[in-house]
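Down below is the structure, laid out as structure tokens.
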Amino acid sequence: MSDELAPSFSPADIEAALYKKWVAAGYFTADSASTKPPYTIVIPPPNVTGSLHIGHALDHTLQDTLVRMKRMKGFETLWLPGMDHAGIATQNIVEKQLAVTGLTRQDIGREAFVKKVWEWKSESGGAILDQMRRLGDSVDWSREAFTMDSGLSTAVLTIFKKLYDQGLIYRAERIINWCPSCLTALSDIEVDHHDDAGEFVQVRYGEGEIQITVATTRAETMLGDGAVAVHPDDMRYKHLVGKEVLLPLANRYIPIIADELVEPEFGTGAVKVTAAHDPHDFEMAVRHNVPFVIIMNEHGVMDGSGTRFDGMDRFVARKAVVEALRSEGRIMDEKRPYVHAVGHCSRCDTTIEPRLSMQWFVKVAPLAKAAGDAVRDGRVRIEPAELAPRYFDWIDNMHDWCISRQLWWGHRIPVWYGPNNEVVVVGPGEFAPDGYTQDPDVLDTWFSSALWPFSTLGWPSSNADLKKFYPTSALVTGYDILFFWVARMMMFGLFAMDGVPPFHTIALHGLVRDQFGKKMSKSKGNGVDPIEFMDRYGADALRFTLARGANPGKDQALAEDWIGGSRNFATKLWNATRFAMMNGATTHGELPALESLNAVNKWILSRLSATISEVDVLLEQYEFARACELMYHFAWDDLCDWYLELSKKSFASGDSTDTKRVLGFVLDQLFRLMHPVMPFITETMWTALTGEESLVIAKWPIARPEHIEKEAEKLVVELQEIITEVRRFRNDQGIKTSQKIPARFVAPEYIQEYAGAMAFVLRLELGDITSSAHCEIGRVRVEFDLTQSIDAVAERARLEKDLSSAQKDKQTAEVKLNNAGFMAKAPEAVLVEIRERLAKTTAEIERITTQLSLLPRT
RNA sequence: GGGUGCUUAGCUCAGUGGUAGAGCGUCUCGUUUACACCGAGAAUGUCGGGGGUUCGAAACCCUCAGCGCCCACCA
């Protein structure tokens, strides 16, 4: 125990030292044999860029806040940290690095490439871990990094086989989203739709008797047309159905079919059917036996149409095809630009090409039903509830999930093919027969991520961890990955764990925006760097800022000023604690009997208890912003601005035994309460104050109902009003705060008792004086002996302002009381309040008017 | 196209029926025995527009306008 705190603190120093101390003491390590109730929290896989993103800083701040609180409440807490994040982003980064040496992944081969990714990943992953530790995360990192070739791999094999055996995984040739740049299939949510200025051209097919005009935005795909479709009831085209029409440029004859899917109102009412390059067309083609003509390769280059367009890029071909058609006089109409939604790869923004190919899919219907029901029937809560409709909307209308990716970085699909197209799905510990070859594709990263809540606990083997910590208590994450990750964990959790959902609560927070509420982006350069802010303001300041801005499900704007404000708050607390300790604040000994305390001490205890109970409720409801707001105002306003000020007199006069003990108690409790949001500085101050081991393992503060003291609160509010009024008077009179004024309180006994304390704060010298000026606040009159006469103009202005505000208040009260409807229907409590207001304002007006009349004319 | 959210002080945002709030910024004063990363005081809003419900609306309902986000295989 150090007897005093340094005049200033260095965040970097205390952060590094304390983190080491906490880890060494084993505070963060969960023990599945413990008998405490479990509190498990799932945290998202960190990103792969090698540096802490502000969004992750927010994630981890909120998660760690909950974990620290729960730990103090006596729970056995466990984080489920994720380090495994396969997929395109990682692969792209390493491929780019490789490209610097002039090589491609094909050049060095699959094995060498994967090894290279691992090397890079452990490096960047390690960097992120260090950065999160700096933030103060109390993650049990001994469970970190379930890797591709350890526990998670077994889990992937197990669930793949289980799904396959139940017919929930299948392989099929379908139209999928293909990125010609990443060269892989993508799931629906990896495709972003945004408006592009394209073209919309009407092309006349056929010759002579049999002609029909179709409309398209992708003219080049006509080379792969297998039919033209119209609506069955469309009278314009009824006579053509069943006939064959000449396909220009390709010089083939294709049938005209009728299908309900066609909108007669749209375009010309006739649609070209390109079975292999459009999902809609694919559906119709299956129904009508239209052939699949593939005319483009995986790079988006025309290939296989047997025309002169082969070898052209798809966009070049589009222009060329339109030109060729124009020269044949077949373009009947064209709109350019034609703005319409086009799919883009969410990673590289390349325009998605729908492509017919053989892929693996998860049949989601039964899984999604279960995942929706778990929330519908209340077994899983989504916080805030407003976001639940978004979840239902998505999960109830989900298409089958394409899980194969043509990448090298990820879990290999555990399927082997025999020489005669035999298919063997390989489970854990199983092997395919000799001569079989494994599917070259890997699984979508969210496939393995979906296993997180139970695979990290050792599933599929049943052990103590899994029994104790599943289902998890909470998932705290941004709403942006509700579909990517959350919904998929729900589906797989329910499936693998016999219908038990993976979490009790899904708490969704918003995203961090820039200071003007705009989305952060690299191209705009408005991103913020959490590391830089921690360097400059400390981890506590960053954490408190993020927590203070976190309203459930709502985005928060973040600027450097905000963090500076939190740092100021930390400094304020530091100085207040230093002052308290210099004046002998202590946590030793019994708290004095309540009845024996003065009103100021009673008041601060009452405020403390109220704050504790409100903060506790708010944190349990994931209302971080409101909780922080209460702590902030209790600490700064109630404690620093009023309690410490009002206590200075007793410290100065040496009559402060009660106050020392009460102050020590309040600080002790406040630090416990704030520890989850400002772990480092509270730990430092608390251990200095109490001499005890650590706040991490201290008990969470409990509100004491017996400390709630309405009378004391009322009295202190009165004292505050008096002090504020005298300060106003001094200010308006231009009297320096440092100048002492002889004064006297004319007040009821219960106020008079605090005259000394107030005089100390107000720099008044109490004594028998000749009054030359005074202030009146309700029943209290403060008289001053001013050496010079008062500034009557300033005083008149002050009083007139008070008068007009009192008159306004009186008027609104009168209007209400004269309103028959109000008198008849307003509740009694409101009536009483308004009557009191009327009485009070009436007295005020009388008092001020008298004072004004006594002022010398100027 | 379908959802959904927002619009409150200069800026960013709280506020789910009873006299409009916070942080930052602004103005004035001030180094008094914790703190200038401070203290004291002050200014600032027909709560997006228009209707309605109510004794009473920033809040509830309708409508219009603007902004944002999510979802969407209309060629």
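Computed from a predicted model, the values in this text were never measured in an experiment. Letters A, B, ... are given to chains in the order of the sequence lines, protein chains preceding strands, and every chain is numbered from 1. Note that these values count all heavy atoms, side chains included, but never hydrogens, waters or copies made by symmetry.
- Within 6.0 Å of atom NZ in A:Lys649, 12 or fewer heavy atoms from other residues, nucleotides or ligands are found, so the atom counts as exposed in its surroundings.
- When the C1' atom is compared between B:C13 and B:C60, the two are found 23 Å apart, to the nearest whole Å.
- A:Glu260 has its side chain within reach of A:His231: a pair of non-hydrogen atoms, C-beta onward, lies under 4.5 Å apart.
- Within the cation-pi definition used here (under 6.0 Å to the ring centroid, within 45° of the axis), A:Lys648 qualifies as a partner of A:Phe579.
- Among the protein residues, A:Asp641 comes within range of the sugar-phosphate backbone only, with heavy atoms under 4.0 Å from sugar or phosphate atoms but none that close to a base.
- Comparing the same atom, C1', in B:U28 and in B:U46 gives a spacing of 29 Å after rounding to whole Å.
- Taking the C1' atom of each, B:C69 and B:G51 are spaced 29 Å apart, rounded to whole Å.
- Closest to the side chain of A:Asn731, out of B:A40, B:C38, B:A72, is B:A40.
- When each of A:Glu199, A:His277, A:Glu353 is tested with A:Arg218 by the rule side-chain hydrogen bond (donor to acceptor under 3.5 Å, both in side chains), just one qualifies, namely A:Glu353.
- The phosphate of B:A42 (OP1 or OP2) has no side-chain N or O of A:Lys801 nearer than 4.0 angstrom.
- The distance between the ring centers of A:Phe292 and A:Phe282 falls below 6.0 angstrom.
- Spacing between B:G18 and B:A59 at atom P, rounded to whole Å, works out to 12 Å.
- At the heavy-atom level, A:Glu645 lies under 4.0 Å from base atoms of the strands shown.
- Under 4.0 angstrom from either OP1 or OP2 of B:G68 there lies no side-chain N or O belonging to A:Lys518.
- Minimum atom distance to the side chain of A:Glu263 is reached by B:C74, of the listed B:U32, B:C74, B:C37.
- Between the C1' atoms of B:C38 and B:C47, the separation comes to 33 Å (whole Å).
- Residues A:His193 and A:His344 keep their aromatic ring centres 6.0 Å or farther apart.
- Near RNA chain B, meaning a heavy atom under 4.0 Å away, the residues from residues 188-200 of chain A are A:His193.
- Residue A:Ala341 has its side chain nearest to B:A72 when only B:A72, B:U33, B:A75 are considered.
- Here the side chains of A:Lys801 and A:Leu803 are not in contact, with every heavy-atom distance at 4.5 Å or above.
- Among the nucleotides B:A75, B:U31, B:C71, the one closest to the side chain of A:Lys736 is B:U31.
- Judged by the 6.0 Å and 45° rule, A:Arg567 forms no cation-pi pair with A:Trp562.
- A:Arg728 has a side-chain polar atom (N or O) that falls below the 4.0 Å cut-off from OP1 or OP2 of B:A42.
- Rounding to whole angstrom units, CD1 of residue A:Ile212 and C1' of B:A75 are separated by 13 Å.
- With a 4.5 Å cut-off on side-chain heavy atoms, A:Tyr205 and A:Lys272 count as touching.
- Here the nucleotide nearest the side chain of A:Arg727, chosen from B:A40, B:A34, B:C73, is B:A40.
- Following rounding to the nearest Å, A:Leu667 (CG) and B:A34 (P) show an atom-to-atom distance of 15 Å.
- Rounded to an integer number of Å, the gap from CZ of A:Phe483 to C1' of B:C70 is 6 Å.
- Here B:G30 is the nucleotide among B:G30, B:C74, B:C38 with the atom lying nearest to any side-chain atom of A:Thr737.
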Measure all distances between protein nitrogen or oxygen atoms and nitrogen or oxygen atoms of nucleotides 12-23 of chain B, and list the pairs falling under 3.5 Å.
{"unit_1": "B:U19", "atom_1": "OP2", "unit_2": "A:Arg837", "atom_2": "NH2", "d": "3.3"}
{"unit_1": "B:U19", "atom_1": "O2", "unit_2": "A:Asp809", "atom_2": "OD1", "d": "2.9"}
{"unit_1": "B:A22", "atom_1": "O3'", "unit_2": "A:His633", "atom_2": "NE2", "d": "3.4"}
{"unit_1": "B:A22", "atom_1": "O2'", "unit_2": "A:Glu629", "atom_2": "OE2", "d": "2.7"}

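- Residue A:His399 places at least one side-chain N or O closer than 4.0 Å to OP1 or OP2 of B:C73.
- At least one cation-pi condition fails for A:Arg548 and A:Phe624: the charged atom is not both under 6.0 angstrom from the six-membered ring centre and inside a 45 degree cone around its axis.
- Contact annotation: the side chain of A:Glu629 never approaches that of A:Val615 to less than 4.5 Å [non-hydrogen atoms, C-beta and beyond].
- With C1' as the reference atom, B:U12 and B:G25 are 11 Å apart, rounded to whole Å.
- Nucleotides B:A20 and B:A9 are separated by 10 Å at their C1' atoms, to the nearest Å.
- Within the 4.5 Å cutoff, the side chain of A:Val512 has heavy atoms near those of the A:Met520 side chain.
- In this model, the phosphate group of B:G41 is approached by a side-chain N or O of A:Thr724 to a distance below 4.0 Å at OP1 or OP2.
- Residue contacts for A:Tyr479: at a heavy-atom cut-off of 4.0 Å it reaches no nucleic acid atom on any strand shown.
- No engagement by A:Phe729 is indicated, since no non-hydrogen atom pair under 4.0 Å with the nucleic acid exists.
- In this entry the distance linking CG of A:Asp480 with P of B:U4 reads 21 Å, nearest Å.
- At B:G39, one or more side-chain N or O atoms of A:Trp636 fall inside 4.0 Å of OP1 or OP2 (strictly under the cut-off).
- One interatomic measurement links the two molecules: OH of A:Tyr537 to P of B:C24, which rounds to 14 Å at whole-angstrom precision.
- Residue contacts shown for A:Arg763 include a base, since a base heavy atom lies under 4.0 Å away.
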Dot-bracket for RNA chain B, please. Rules: Watson-Crick or G-U, both distances under 3.5 Å, ( ) within the strand, [ ] when a pair crosses earlier ones, | for another strand, . otherwise. ((((((((.[[[[.)..(..]]]].(((((.......))))).....[[[[[..)....]]]]])))))))....

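- Judged by closest nucleotide on RNA chain B, A:Ser738 is the one of A:Met823 and A:Ser738 placed further toward the 5' end.
- As a whole-Å value, the separation of A:Asn819 CG from B:C55 C1' is 5 Å.
- For A:Arg390 against B:U4, a side-chain-to-base donor-acceptor contact under 3.5 Å is absent.
- Between A:Gln807 and A:Ile845 there is a side-chain heavy-atom pair separated by less than 4.5 Å.
- With a 6.0 Å radius and a threshold of 12 heavy atoms from other residues, nucleotides or ligands, A:Lys840 has its NZ atom at or below the threshold.
- Judged by the 6.0 Å distance and 45° axis criteria, A:Arg798 is not positioned over the aromatic ring of A:Phe729.
- One can place CD1 of A:Ile723 at 16 Å from P of B:G39, the figure rounded to the nearest angstrom.
- Minimum interatomic distance between A:Lys816 and A:Ile834 (heavy atoms only, all atoms of both residues): CD-CD1, 3.9 Å.
- Residue A:Cys640 places its side chain closer to B:A34 than to any other of B:C73, B:A34, B:A75.
- Here the P atom of nucleotide B:A75 and the CD1 atom of A:Ile257 are 18 Å apart, to the nearest Å.
- When each of A:Asn568 and A:His340 is assigned the nucleotide of RNA chain B bearing its nearest heavy atom, the one mapping closer to the 5' terminus is A:Asn568.
- Remark: the separation of the C1' atoms in B:A57 and B:C24 is 30 Å, to the nearest Å.
- Taking only distance into account, the side chain of A:Arg567 meets the base of B:C37 through a donor-acceptor pair shorter than 3.5 Å.
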